[in-house]
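We name chains A, B, ... by the order of the sequence lines, and we start the count at 1 in each one. As the structure is a computational prediction, the values presented were derived from the model and not from experiment.
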Amino acid sequence: MDFALSEEQTILQDTVREYLRQHCTLESVRLNVQDSITLDADIARGLLDLGLPGIVVPEEFGGAGLGYLDAALVAEALGEAIAPIPFLGPNVVAPYALQSAGSDQQQADWLPKIASGNAVFGIAFSASSSSRSDGSTSVDSGQINGEHTFVIDANDATQFLMASGDSEIYLVDANDVELTLLRTIDRTRSVAQITMNGTPCELLPGSSSNGALRRSIAVGRIMLAADSLGAAQSMLDKSVAYAKERKQFNRVIGSFQAVKHMCAEMAAELEPCKSLIWYAAHSVLAIPEETVVVACHAKAHLSEVAQFVARKSTEVHGGMGFTDLLGLHYWFKRIGLNRQLLGSPDEVREEAAQAQDW
Amino acid sequence: MDFALSEEQTILQDTVREYLRQHCTLESVRLNVQDSITLDADIARGLLDLGLPGIVVPEEFGGAGLGYLDAALVAEALGEAIAPIPFLGPNVVAPYALQSAGSDQQQADWLPKIASGNAVFGIAFSASSSSRSDGSTSVDSGQINGEHTFVIDANDATQFLMASGDSEIYLVDANDVELTLLRTIDRTRSVAQITMNGTPCELLPGSSSNGALRRSIAVGRIMLAADSLGAAQSMLDKSVAYAKERKQFNRVIGSFQAVKHMCAEMAAELEPCKSLIWYAAHSVLAIPEETVVVACHAKAHLSEVAQFVARKSTEVHGGMGFTDLLGLHYWFKRIGLNRQLLGSPDEVREEAAQAQDW
Amino acid sequence: MDLAYSAEYEQFRNELRRFLKENKHRSPDMFATSFTGEERAKAARDWQRLLIEHGYAARTIPREYGGYGAEPDPLKSHIIAEEFARHRVRPGHSGDNRLVPTVLELGTEEQKQWLIPPTVRGEMTWCQGYSEPESGSDLASLTTHAHVDGDDFVINGQKIWTSGANRADMMFCLVRTEPDAPKHEGISYLIFSMDTPGIEVRPLITMTGEAFFNEVFFTDARVPTTQIIGKRGEGWFVANNTLKYEREGLGDPNQTESRLLELVTLMQRETIGGERVIDIPVYRDRLQKLQGRVLAMKYNSMRVLTSRSKGEEPGLPRWIVKLQGCELNHQIANLAIDALGELGTLYYGSPLLRDGGRWQQRYMMDLGLIIGGGTAQIQKNIIGERALGLPKEPKYASESS
Amino acid sequence: MDLAYSAEYEQFRNELRRFLKENKHRSPDMFATSFTGEERAKAARDWQRLLIEHGYAARTIPREYGGYGAEPDPLKSHIIAEEFARHRVRPGHSGDNRLVPTVLELGTEEQKQWLIPPTVRGEMTWCQGYSEPESGSDLASLTTHAHVDGDDFVINGQKIWTSGANRADMMFCLVRTEPDAPKHEGISYLIFSMDTPGIEVRPLITMTGEAFFNEVFFTDARVPTTQIIGKRGEGWFVANNTLKYEREGLGDPNQTESRLLELVTLMQRETIGGERVIDIPVYRDRLQKLQGRVLAMKYNSMRVLTSRSKGEEPGLPRWIVKLQGCELNHQIANLAIDALGELGTLYYGSPLLRDGGRWQQRYMMDLGLIIGGGTAQIQKNIIGERALGLPKEPKYASESS
């Protein structure tokens with residue numbers, strides 16, 4: 001029994017953190033956010049050097065062959081730094097879906113390209129994960145028609161995986177769809193609407209029967225939850241640091257019980273979330289029969305806790321938290337977007353109940 | 001526009017408060033609670049002298065001819081003192097129902113007896129106000145069969161009003177039913193299960209068509225909400241007093257932000273409830289078309305706020321709040337019982353939504 | 001308890017309604033798209049003058065200073081606010097509800113004549129220079145300072161959270177003029193033109209993306225020593241007069257109620273899988289919970305209004321309004337966003353945007369209001385100490401006065 | 001990350017299971033109704049002796065003091081707790097988990113030999129005399145005092161919240177022996193028999209109606225001066241050793257999870273208008289919210305256990321357990337009561353009572369636990385100061401040391 005990160009995992013996460021600390025500063029995020037959201041090419045190249053695009057791609061296909069806990073640790077670090085980088089879609093959910101449901105040929109075609117950063121997959125699962133989207137599609141003789149909204153990591157995508165019907169996953173080329181960017185409160189993650197009009201598509205054959213779509217969504221939810229964990233942890237850390245520095249009434253504000261207790265409440269809520277994410281991510285390969293339920297809980301619980309932290313952290317920062325000066329709101333908004341993607345908390349909780357036959 | 005109590009109303013409430021302060025001490029409540037719950041004869045006689053039993057009975061029938069805001073002020077005072085006295089059922093809901101739906105003869109028979117304290121009505125409306133009760137009844141040729149649970153103010157009742165079917169109200173004699181006391185956490189309000197077996201019953205004829213049952217339940221809910229308001233206000237007052245007295249670390253605990261803020265949060269939540277109750281109670285005669293919705297909100301909102309106050313007040317008192325020494329738990333428990341009677345908060349909120357056609 | 005208005009007030013209301021019906025078209029917002037900035041400004045001044053003439057603006061300000069000169073009557077003021085809101089007509093103003101009462105109470109006759117008439121006419125607009133980067137909740141620790149040089153105060157330092165500083169003609173401002181006095185006794189209340197050389201205004205972008213506030217920098221800005229309200233060193237006590245007025249209005253329950261009704265409309269319009277959001281029990285229950293709280297605050301405000309109309313200090317029911325009202329607005333916006341799900345994350349300028357993005361804007365803005373004008377923590381201190389009589393925190397050993 | 005246990009631990013668990021299967025019938029709870037008090041007590045002692053022999057109780061206590069003498073191994077301790085709970089068998093004990101470590105660490109050899117073997121055998125039971133009516137969160141302000149008269153301490157004063165005082169053989173107790181010393185330096189840690197003349201125990205009824213606690217009154221109670229652990233005036237520091245151990249266990253997530261599963265059963269069994277409560281969306285959503293929190297705390301405890309098994313101090317994940325766990329239990333009970341509606345208000349002895357009234361009992365008891373053993377406010381101070389490194393409140397001018 002060893003419920004802890006391995007030394008390699010700690011090193012992996014610290015390496016990504018250190019890289020982002022140097023290259024993904026608040027200033028660089030601000031620059032990114034001013035224009036339309038696009039993959040920051042410099043940061044992306046650095047992450048490619050770290051091997052992140054192929055993190056869960058098997059070594060035989062040129063990847064790192066790591067697991068989903070490793071991927072969650074990276075997602076957490078990206079959330080901490082609010083990195084404007086697609087990761088969840090192209091580097092975690094897509095290789096998971098391809099390995100779960102793709103044909104041998106599809107895996108051989110795409111997994112190496114994912115690992116080398118030459119294929120970037122956007123994920124159009126929203127219609128199956130969140131009943132709020134109106135988008136629907138139909139497939140006829142290898143062509144797909146219809147639209148998807150809230151497509152994740154859309155802007156720089158070269159390919160899309162998309163849900164159709166109840167459980168099937170199709171692969172389409174990004175050149176064959178019409179893409180309209182959606183502008184959300186968050187500007188660090190690209191989200192779009194895509195329209196298909198007789199667009200050629202290719203089924204991932206395993207998905208017709210093996211529940212790969214549902215499990216792929218679960219993996220995506222775990223990554224979003226890990227991202228929110230990281231973002232919320234950053235906000236808590238900033239709050240504690242600010243509370244130790246900022247003085248009012250000749251005392252650092254952290255010595256006031258009201259401020260101290262807000263920090264303590266944030267920590268008390270957030271700390272157990274780390275273990276919840278670890279367990280959920282670990283379960284993907286080790287205890288797959290538990291993944292769907294735990295992923296629902298990870299997503300829903302982190303949505304609530306991170307929202308709580310985002311608010312309290314802003315309060316601890318007082319007026320400064322409300323301005324752009326400290327940039328705290330970038331974290332606030334990323335947490336706000338994560339909350340709704342791939343299913344809002346109450347929808348996801350209902351799925352957890354159903355998955356347990358309760 | 002005068003959204004305030006009249007001088008007479010203030011005097012009425014203060015008189016009841018003063019009477020209860022002298023005669024309904026914590027010690028006398030404790031004595032009452034040790035045995036089975038029964039009307040405290042001494043206190044009841046005193047309240048009779050104050051004219052409370054006939055408070056809403058018209059003067060022509062020997063009552064005080066006051067309104068439901070006056071009744072709510074009395075209910076609030078009874079809640080403050082956790083008085084072990086039936087009031088809601090026999091002295092408010094029963095005369096309201098009789099006036100709303102009773103025949104001239106029924107009104108002439110019963111209203112004077114209510115005002116003189118010679119008739120004490122228990123209220124068996126639970127099956128129509130709370131879907132949790134299994135009890136159901138059927139009426140056939142002037143006889144009623146079946147059972148009601150959570151009958152309010154049951155123990156000393158001489159008569160019962162009971163709901164049957166969707167909207168009808170029947171009057172039965174207490175001697176003709178079989179009564180089993182239910183033991184709740186609260187011991188200051190008597191609640192029972194009653195069984196009818198070919199029991200003679202008499203219809204309140206207006207109730208077949210005029211919605212009197214629904215409005216009678218609304219009146220009962222307002223009184224329960226007023227009772228919880230009073231009980232919660234007592235708990236807040238005790239907390240503030242304790243926080244000003246109790247010293248720890250050489251300071252009165254009320255000077256600690258954590259304790260001060262708990263008191264402030266209780267006050268901030270509770271104070272607007274007073275206006276909500278006033279409005280709801282005033283609406284019964286003045287704006288009857290609003291009563292059902294506002295009564296639902298008064299009941300549901302006070303259930304939540306009073307529960308919050310009950311918990312925080314206990315926390316402010318520390319270990320002492322958990323013991324019997326200060327008796328704080330009697331208020332805690334009365335609030336807990338009120339929360340569930342005549343519909344739990346979520347059921348009542350759903351009724352409010354339906355009543356607004358939302 | 002009588003929710004009807006007496007005949008006097010009903011007549012007042014009827015007159016106002018007639019006035020609004022006849023004059024609504026003159027309200028400057030009607031000119032919004034078709035006139036130039038200068039014409040718009042003139043329309044606003046004309047509208048204000050018309051309202052003062054009829055006693056619907058500057059109502060209680062003495063006639064000699066350009067007001068209508070009526071006795072204070074909170075019920076009439078309430079009726080005015082209510083009817084203008086109901087008719088969606090731009091209300092008048094009383095100049096500046098922080099500065100004008102302060103000058104009337106504590107200014108010299110000369111200051112009153114100089115400042116109040118143009119302010120009341122809307123020809124002299126104001127911003128408030130109180131907060132500083134290092135003194136937020138602890139306002140009295142401000143460090144912007146002025147020394148006397150000849151006939152002038154020479155001001156150096158920085159203010160923050162100054163709303164309207166980029167548009168205002170004038171500022172009323174707290175500066176430290178007696179550096180050696182205890183912190184509450186070294187402050188003066190100065191007034192000066194925003195055109196004074198040495199003043200620089202920089203907009204402060206907030207999380208909503210808009211610049212509601214500014215930073216104001218002072219570099220040797222010279223202000224005549226006559227431009228002080230009250231005496232030197234008394235500014236803290238002068239300002240407390242202003243603060244008393246400023247906090248009113250945040251958390252207004254009528255606004256909260258209309259937001260709740262907007263939310264109902266949203267939930268009746270939006271669907272999830274073909275079902276109206278309002279019919280989905282978890283959202284429906286959250287909506288009802290909020291409605292209960294909104295009603296309680298609405299009736300609480302009627303109680304406050306009644307107390308005021310009787311000349312009583314409303315006490316606790318008034319102290320809680322800001323804390324509860326801003327929180328409630330924030331929660332209403334939160335439910336709206338959750339009801340919209342993914343669509344609730346969209347913001348200004350996006351395809352598929354609902355209600356112009358205003359729910360996200362409010363969600364953030366209301367959080368700003370929970371913090372601003374006295375954080376929730378400070379509000380709880382005030383409620384605990386002033387309304388419940390709990391003791392302040394004791395002075396601690398190392399604290400300077 | 002490896003959730004499997006290594007072969008050594010699997011073997012340990014298998015041996016334990018075999019032991020439990022073979023010996024379960026000797027567990028004293030099996031005798032509950034058919035034996036007298038004395039026979040029951042003997043069965044309990046026999047059971048404890050059997051468990052010690054096999055290393056399932058008093059596991060890390062040295063053999064010379066009656067224990068099993070194994071090296072500490074948190075994983076094995078966890079397996080023992082888990083299997084006894086799973087098999088619903090009464091677990092053994094290590095004497096008293098507050099006193100025994102303290103005596104082992106700070107007692108004299110003579111005290112160890114006197115106290116530890118009978119305590120470990122269950123023949124000497126203990127209660128803790130720390131809290132006083134006027135010193136709750138501020139324990140060090142205690143006033144129960146003892147002066148030396150000949151070879152005795154003579155104790156006067158009052159303790160409160162003394163659980164088990166009515167059954168215990170002995171008390172370990174903090175008393176002020178140096179009235180003139182600063183408050184933390186004037187306390188001594190005494191041990192004595194509850195049969196000592198001058199000690200009176202009165203049960204303290206709580207809101208649940210039960211007497212979990214007692215008040216203990218001392219009137220010239222004489223205790224030999226040798227019955228002190230540590231030196232005179234060092235009692236505060238001796239006691240901090242004990243406190244370290246006491247707070248473990250409150251908010252145990254395994255217990256919380258089993259309560260959640262009980263709640264699921266309740267919600268599947270109870271109906272409203274023919275519909276299972278668990279199918280009613282508002283309750284269903286509340287249940288799911290709680291499950292998410294329960295799982296987070298469950299995995300958090302696995303993380304704590306792993307840290308311990310590596311000899312690391314778990315830090316924050318451990319500090320939050322009491323605060324979060326007790327709150328979660330309280331909320332689980334709250335949902336159970338709401339799910340039962342009116343039926344949820346019934347209590348011991350009523351017709352129609354569900355689940356023996358235990359949800360109401362827990363709802364109140366869990367609130368007591370939120371308060372007891374360090375209120376939620378004190379817990380938040382501890383988390384803020386020890387785990388997050390925020391500064392303590394400054395000393396106040398008027399505060400004596």
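Remark: Arg334(B) fails to qualify as a cation-pi partner of Trp331(B) under the 6.0 Å distance and 45° angle criteria applied to the six-membered ring. Because its NZ or CZ atom is not both nearer than 6.0 Å to the ring centre of Trp236(D) and within 45° of the ring axis, Lys183(D) does not count as a cation-pi partner of that residue. Taking the ring centre of Phe256(B) as origin, the terminal cationic atom of Arg251(B) falls inside the region bounded by 6.0 Å and 45° from the ring axis.
Counting heavy atoms from C-beta outward, Asn334(D) and Trp359(D) have side chains that stay 4.5 Å or more apart.
Each of Glu132(D), Glu215(D), Gln128(D) was checked for a side-chain hydrogen bond (donor to acceptor under 3.5 Å, both in side chains) with Lys159(D), and the lone residue meeting it is Glu132(D).
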Apply the test side chain to side chain donor-acceptor pair (under 3.5 Å) to residues Asp186(B) and Tyr347(D): give CA-CA distance (whole Å), side-chain angles for both, the deciding distance (0.1 Å), then the verdict. CA-CA 9 Å; Asp186(B) 174 66; Tyr347(D) 207 41; over 6 Å; no

Test side chain to side chain donor-acceptor pair (under 3.5 Å) on Glu178(B) and Gln193(B); report intermediate values, then the result. CA-CA 8 Å; Glu178(B) 188 189 316; Gln193(B) 179 174 32; over 6 Å; no

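Looking at Ile280(D), there are no atoms closer than 4.5 Å to chain B (heavy atoms on both sides), in backbone or side chain. Gln307(B) touches chain D through its side chain: at least one heavy atom from C-beta onward sits under 4.5 Å away, while N, CA, C and O do not. Using a 4.5 Å cut-off between heavy atoms, Ile205(D) contacts chain B through both its backbone and its side chain. For chain B, no part of Glu270(D) is nearby; none of its heavy atoms comes within less than 4.5 Å. With a 4.5 Å cut-off on non-hydrogen atoms, Thr323(B) touches chain D through its backbone and its side chain both. If you measure heavy-atom distances from Met320(B) to chain D, the contacts under 4.5 Å come from both the backbone and the side chain. For a residue to count as touching a neighbouring chain, one of its non-hydrogen atoms must lie under 4.5 Å from one of that chain's; by this rule Asn381(D) does not touch chain B. When heavy atoms are compared at a cutoff of 4.5 Å, Lys333(B) approaches chain D solely by way of its side chain, counted from C-beta outward. When heavy atoms are compared at a cutoff of 4.5 Å, Phe332(B) approaches chain D solely by way of its side chain, counted from C-beta outward. For Leu328(B), no part lies near chain D; criterion is any non-hydrogen pair under 4.5 Å. Contact of Leu340(D) with chain B is made through the backbone alone, with heavy-atom distances under 4.5 Å. With a 4.5 Å cut-off on non-hydrogen atoms, Leu346(D) touches chain B through its backbone and its side chain both. Interface residue Thr314(B): backbone and side-chain heavy atoms are both found under 4.5 Å from chain D. Contact annotation for Tyr348(D): only backbone heavy atoms (N, CA, C, O) come within less than 4.5 Å of a heavy atom of chain B.
Salt bridge absent: Asp346(B) and Arg286(D) never bring a charged side-chain N and a carboxylate O closer than 4.0 Å. Ion pairing of Asp324(B) with Arg30(B) is present here, as a side-chain N (NZ or NE/NH1/NH2) and a carboxylate O approach within less than 4.0 Å.
Per-residue heavy-atom pair counts under 4.5 Å with chain B were compared for Val277(D), Val282(D), Leu367(D), Leu353(D), and the maximum is reached by Leu367(D). Interface remark: of the candidates Pro133(D), Ala376(D), Ser131(D), Ala140(D), Pro133(D) forms the most heavy-atom pairs closer than 4.5 Å to chain B. Among Ala211(D), Ser141(D), Gly372(D), Ser137(D), the residue making the largest number of heavy-atom pairs under 4.5 Å with chain B is Ser137(D).
Enclosure of atom CG in Asp279(D) by more than 12 non-hydrogen atoms of other residues, nucleotides or ligands within 6.0 angstrom is indicated. Other residues, nucleotides and ligands contribute over 12 non-hydrogen atoms within 6.0 Å of the NZ atom of Lys244(B).
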